[in-house]
Structure formats: structure tokens, C-alpha cells
Amino acid sequence: MTSSLRVDLSGCWLDDYGLTRQQFLELSSRLDEARHETVVTDETLMQSGEIPDEKQPLDGRFYLLPEGLLKDYGESRATSELQAILSTARHLQATSDAVVVLGIGGSYMGTRAIMDSCCEPFFNELDEGRRGGRPRVYFEGNSLDNDSVQALLARLQHQRWSIVVVSKSGGTLETAVALRVFLEALEERHAGELAQRVVPVTGSDGKLDQLSQTIGCEHIFRVPEGVGGRFSVLSPVGLLPAACLGVDIVKMLEGAAAMNKQFRETPVAENPVLQYVGAAYLLEQHRGIDIRILSVWAKALESAGLWYDQLLAESLGKHEVGATPVTAVNTRDLHSRAQQHQEGRRNKVIVNVTTRLTRSDRLTVPTREQDPDELNQLAGKPMTALLEAAYQGTNKALRDAGRPVIDIELESTDAFSLGQFFQMLMLSTVVEGRLLGINPYGQPGVEAYKSNMKSILEMER
Ligand code: PA5
């Protein structure tokens, strides 16, 4: 299937404040090298197991997941991991009105993005029939918020429910404490059924793995070796909850595989990953633009934006470099942030993300007999035409103010498009790290708060 995600850099060619085509051409060979490093060198190093110190950690296997999982599913369906995910999801659907997904950071944000992008808005409020028999999905273990946990526990009291707990290390305190709290409640509600109702997704050792053995969990999934937390959305981490929600995970992987192919095979000038990352990198180097506003033009993509915030910040925010990501949702944030984007400090690039298709019927502005709001002049116009006008108007205003813009266009917010988008941004982050000389994997800074927190709580490390 051909990829229909497009990247347009025409908003970057600005005389005084943007880029020149020449600068881009001069970067081409480095982009090619970074691509080669991502798909060939790193893979060879991982296979050999001899990873030099300066490359440690090297968690680049996310790149292999889409094709690997699909191949296995195509060739040995009955024993494949995708089949296991789908059958566990069916089990959870059959036994649960609600599934609580526990996890934080890379073990949470991608799943949230999938739900918000691919499911109906207000999914959890739909009745069982309208949810297609799929469970409501709630998220916890992503904070230490007393009131939020209490509210969810109260909400679950009269439902049949289960837990999917996701932690690669198995030792993250927020998730582990939430698991303990929710396990108590689950035991009370469904005594004797923990083994079927708790599904861990974790590394092959660690405390969560041990706890799963103690419970005797019937279904356990692994975060694959060599896949970093924030790069794990297309592993069981994101795919299991997605399958519970009825999202077409095969399509999502096909979208990601299509992006991999495009990344590998198309020249720099037509390569969405290299176009995007090349422009973002050059703007930072030549114009000091180190704030990246991911400006999504569909509410459904806000959580995908927040997922990217984590991906970029945690991967490249090291050694005092790395752009600061910010997600904006339009047109909502035209009324809060756009003033600054247009007239504030010249340290921002706007990365628009739009979709060609809506997922439901198109609404039009109705005609009314009385017209005090004078909107009959818009009567019959689809909402999408108004959104398009806002988008064009904003881009023109930004161009007139000499503000660089990168445009990314997705087909829709469905599973295939989201798979493409996830993979594009993961690949871009790795390539950008290579250009900056930053290892995109690992997050040494985050360990400090964890360790301090444990000392304050007088816990054994
Ligand atoms: O990207 C990462 O590795 C982190 O954001 C982790 O996903 C996050 O800290 C949660 O870790 P774990 O899955 O080990 O509980």
C-alpha cells in the first residue's frame, strides 16, 4: 500500500527568517548517512551484540516491529504474537465492561494517543452496543493523584473489570503503587479471578514479572528487548489495549511498515521523515529555532501530540541541546497561543498536522429564518470548509510575519494513518539525534528524581 502521509516545506522558504533550498541540499548527504545508520549500522550492531560504549543504550528495534509482527502473523498465525494479542483482547472484551490500563510515560502515552485518535470521541460514555461490546478503557498509574484514583475506583464498583499493567522495568513506582491499589479492589470485586483478569506487559525480569508469577497470570506479554519505552507503542504495550478497544492493529502496523519502506527507499527530497527532520534541524542550527509547536488540526490528535512531546523531549533533551516540544490544538489554541506564535520571540517553528478526511458525516452550517448572528451567509458550508479557511488564514498570517511552518498531512485519524505518523516521528527523532550527536535512547536525567524520591520515602533501591 502506498503511503499517503505528506510533508510540505513550502512554509520554510522565507527570505529573512527561514531556510534556503541550498541549505537543505547541503544537508542531504548527512541525512542519508543518518538514515543508513538508523536502518543498517544500528541493526548490524544490535545483531552482533557488540555495541560500542558511545552507542549505549541502543534501543533501535522499534524499527523492526511492524514488519516483524506482520510477517509472523502472516506466516504462523496460530502461534504469532499478534494472534495472542487479539485473542487476549477478545477474552478481556468478553469478561470486562472496563479495562484499567496502568502505566506511565512510554507505557501510557501511545495507548492514550491510539484511543483518542482511532476511537469515537466520548467512547467511554457510549453504551455497550455502541461500543461494539468493547470495554471502556481508563488510564491510571500515570500520576500519584489521590482523587483521580478514588474516582475511578468508585466508578468501577458495579462493573466487571480487568487490569492491563504496562511497565518495561517493572519497578516504576507510580505504576507499581497503582497496581497494588487496584489489585486490592479487583480481588474484592472478582475474588479468585486475578489470574485471568490481570494482564501484564513487562520485561522478562523485574518486580512486575515476579508479581505476575505470584498471581499466576494466564496472559503475559513482553516489551521486546531493544525497544525503548517511548518507542514501544507498536509492541504489545500499545497494541494490546488498542485491540481491546477494537482498533485495527494490523492496519496500524501496515501504516507503520509503509512509513518504514518510504523512509528506506525514497530520496531525501520525497522522504517525509528526512524532509521534516531536515527542516526542523536546519531551523534550529541557522535560526536558533528551538521550540517546536506541533499544531494539530483535529482534537483527536491532541494525545498523539503529547506522545510526541515525550518522545522528543526525553530522547533529545540531553547535554543542553534538543528542541522543546509543545502541542497546540486548533482552532482552540488560535485563541490562546497563536498571538505568541505570530508576534512573540522568533524561536518557534509551527508544525501543522492536518487530515484530509473526517471520520463521520460532514456537518454543514444550518440556515435559520431569523438571522441576527448573520450566519446565513455561511449556510450550507461544511464545518470542514471553515476549518480549512482557519488553517489557510493562519498559515498566511504566519508567512506574512516571517514565521516558518512545516505542514504534515495525514489521510485521517484512523489506525493506518496513526501507524504511519507514529513511525514517522520515531524515525525522525532517531535521525535528529544522530544529526545532533545525541543518543536518542535512554533517559539518564529521569533516574535522578526516581532515586531522590526513593530516598525521601526511605525505600531500599
Ligand atoms: O521512554 C521511557 O523509557 C520512559 O518514559 C518509560 O516508558 C517510563 O519511565 C515508564 O517506564 P516503565 O515502562 O519501565 O514503567
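Each ligand, and each atom within it, is numbered from 1 in the order the structure gives.
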**Request:** List every atom of ligand 1 that sits less than 4.0 Å from any heavy atom of Ser169, numbering the atoms from 1 in the order shown and giving each element.
**Result:** 12 (P), 14 (O), 15 (O)
**Request:** Work out whether the distance between some heavy atom of Ile104 and some atom of ligand 1 is less than 4.0 Å.
**Result:** yes
**Complete:** among protein heavy atoms, the one nearest atom 7 (O) of ligand 1 is Gly106 N, 2.9 Å
**Message:** Could you tell me, atom by atom, which parts of ligand 1 come under 4.0 Å of a heavy atom of Ser167?
**Reply:** 12 (P), 13 (O), 14 (O), 15 (O)
**Asked** If you measure from the Lys or Arg side-chain nitrogens to the Asp or Glu carboxylate oxygens, is any gap between Glu67 and Arg264 under 4.0 Å?
**Response** yes
**Request:** For the residue pair Glu140 and Ser148, confirm or rule out a side-chain donor-acceptor distance under 3.5 Å.
**Result:** yes
**Prompt:** Is there a donor-acceptor contact under 3.5 Å from the side chain of His91 to the main chain of Gln196?
**Reply:** yes
**Asked** Tell me: protein heavy atom nearest atom 4 (C) of ligand 1, and distance?
**Response** Glu314 OE1, 3.3 Å
**Item:** Salt bridge present between Arg345 and Asp290 (N-O < 4.0 angstrom)
**Value:** no
**Item:** Nearest-contact summary for atom 9 (O) of ligand 1 - protein heavy atom, Å
**Value:** Lys450 NZ, 4.1 Å
**Asked** Just which atoms of ligand 1 are under 4.0 Å from any heavy atom in Thr172?
**Response** 11 (O), 12 (P), 14 (O), 15 (O)
**Request:** Using non-hydrogen atoms of the residue, decide whether Gln310 is closer than 4.0 angstrom to ligand 1.
**Result:** yes
**Message:** So, applying side-chain hydrogen bond (donor to acceptor under 3.5 Å, both in side chains) with Arg434, which one of Thr41, Thr429, Asp42 is it?
**Reply:** Asp42
**Message:** Please find the pair of heavy atoms, one from Leu312 and one from Ala323, that lie closest to each other, and give the distance.
**Reply:** CD2-O, 4.1 Å
